[in-house]
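Starting from 1, each residue takes its place in the sequence as its number. Quick caveat: nothing in here was measured; it's all calculated off a predicted structure.
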Amino acid sequence: MAGTDETSIEIAAPPAQVYELVSDVTNMGRWSPECHKCEWVGDASGPDVGSKFKGHNKRGFMRWSTTSTVVEAEQPSHFAWQVDQSGMRWGYRFEALDGGSRTKVTEYRHAVAPLPAYVRLAYKLRLLGGDPDAIVRRGMDETLQRLKAGAESSPTT
């Protein structure tokens, strides 16, 4: 079951630009093959530590929503959140390359709490696929490819 996963990509855009694309969680539907929509909740309107957002996810016939709390917002180097329901922490690290004109982006996830019983059951019943962790890893790679395409086609901020 879920442990720690990470994947990286180099993007021809400065870290601040890529950070802005990722930390605006309302963009996540553009990048992720699983999370098709995110919205800030409560009085949150941006990526500040403690802000909450709701993610709407789909995989195959499964649909679910989660609430997450921003736990790191260090522009332009690190953005992360913890999913309240699963105890998983997701994040992105941004490393300047070539004097800041390029960025190495690393997406990661790791468990910070035991998986809840209903998540373990979904894994056991294969409701999230035969190998859900492999599906997530492929999704992380796809997310970074989509982010790269979006960042490299956007004007520099």
Side-chain angles (χ1 to χ4, degrees), residues 1-42 44-49 51-95 103-113 115-116 118-119 122-123 126-154 157:
M1 278 197 208
T4 298
D5 293 298
E6 72 174 47
T7 188
S8 299
I9 197 168
E10 291 186 14
I11 297 177
Q17 178 185 347
V18 184
Y19 179 95
E20 289 295 324
L21 292 173
V22 170
S23 65
D24 179 358
V25 299
T26 63
N27 282 324
M28 194 53 71
R30 294 175 58 195
W31 319 131
S32 173
E34 184 170 289
C35 179
H36 62 92
K37 179 182 173 185
C38 281
E39 59 208 356
W40 296 109
V41 297
S45 61
D48 299 312
V49 171
S51 294
K52 290 191 174 283
F53 62 92
K54 187 171 189 173
H56 304 274
N57 307 289
K58 61 183 176 182
R59 187 185 306 167
F61 69 88
M62 295 291 296
R63 303 286 185 269
W64 70 98
S65 295
T66 59
T67 302
S68 296
T69 304
V70 175
V71 294
E72 300 282 346
E74 300 171 16
Q75 186 181 22
S77 61
H78 189 197
F79 181 70
W81 63 91
Q82 186 165 321
V83 181
D84 298 349
Q85 290 81 1
S86 69
M88 292 298 290
R89 178 164 298 175
W90 288 80
Y92 292 84
R93 292 185 301 272
F94 308 90
E95 179 185 342
T103 306
K104 177 182 176 185
V105 180
T106 301
E107 180 179 4
Y108 67 89
R109 71 167 188 153
H110 67 268
V112 295
L115 288 174
Y118 68 89
V119 175
Y123 270 60
R126 298 179 176 243
L127 296 176
L128 298 172
D131 185 348
D133 291 324
I135 293 168
V136 168
R137 288 188 290 275
R138 285 192 303 273
M140 292 167 71
D141 287 333
E142 186 175 339
T143 296
L144 290 182
Q145 288 293 332
R146 291 177 178 185
L147 178 63
K148 176 181 175 74
E152 291 180 353
S153 68
S154 296
T157 55

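- Under the 4.5 Å side-chain criterion, counting only non-hydrogen atoms from C-beta, T4 is not in contact with Y108.
- Residues satisfying the salt bridge (Lys or Arg N to Asp or Glu O under 4.0 Å) criterion with K58, sequence neighbours excluded, are absent altogether.
- Taking CZ of F94 as the start and CD of E74 as the end, the distance is 11.0 Å to the nearest 0.5 Å.
- Counting only heavy atoms from C-beta outward, the side chains of F53 and V70 approach each other to under 4.5 Å.
- Inspection of the H110 and E6 side chains reveals no N or O donor paired with an N or O acceptor under 3.5 Å.
- Judged by distance alone, the side chain of S153 and the main-chain N or O of G150 form a donor-acceptor pair under 3.5 Å.
- Put simply, the side chain of E107 never gets that close to the backbone of L144: no donor and acceptor are under 3.5 Å apart.
- Residue N57 holds its CG atom at 12.0 Å from NZ of K37, rounded to the nearest 0.5 Å.
- We find the CG-CE distance between D5 and M88 to be 7.0 Å, quoted to the nearest 0.5 Å.
- From Q82, atom CD reaches atom CD of E72 across 11.0 Å, with rounding to the nearest 0.5 Å.
- Side chains of T69 and K52: a donor-acceptor N/O pair is present below 3.5 angstrom, by distance only.
- Across every non-hydrogen atom of T143 and P33, the tightest pair is OG1-CD, 3.3 Å.
- Between the side chains of T7 and D141, at least one donor N or O sits under 3.5 Å from an acceptor N or O.
- Taking the ring-ring contact (aromatic ring centres under 6.0 Å, His included) definition, one finds that W31 meets it with nothing, sequence neighbours left out.
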As a quick check of understanding, evaluate side-chain contact (heavy atoms from CB on, under 4.5 Å) for R63 and H56, giving each step before the final call.
CA-CA 8 Å; R63 303 286 185 269; H56 304 274; over 6 Å; no
Worked verdict on R59 versus E34 for salt bridge (Lys or Arg N to Asp or Glu O under 4.0 Å)
CA-CA 6 Å; R59 187 185 306 167; E34 184 170 289; 2.6 Å; yes
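- Rounding to the nearest 0.5 Å places CG of L147 at 9.5 Å from CD of E152.
- Side-chain rings of W90 and Y92 stay apart, their centers remaining 6.0 Å or farther from each other.
- The minimum heavy-atom distance between G55 and C38, with the atom names listed, is CA-SG, 3.8 Å.
- Judged by distance alone, the side chain of T103 and the main-chain N or O of I11 form no donor-acceptor pair under 3.5 Å.
- Residues that satisfy the salt bridge (Lys or Arg N to Asp or Glu O under 4.0 Å) test with R89, not counting sequence neighbours, are absent from this structure.
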Verdict with reasoning, R138 to E142, per salt bridge (Lys or Arg N to Asp or Glu O under 4.0 Å)
CA-CA 6 Å; R138 285 192 303 273; E142 186 175 339; over 6 Å; no
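- In this pair, Y19 and F79 present their aromatic rings perpendicular. The plane angle is above 60°, beyond the 30 to 60° band.
- With values rounded to the nearest 0.5 angstrom, K104 atom NZ is found 8.5 Å from R93 atom CZ.
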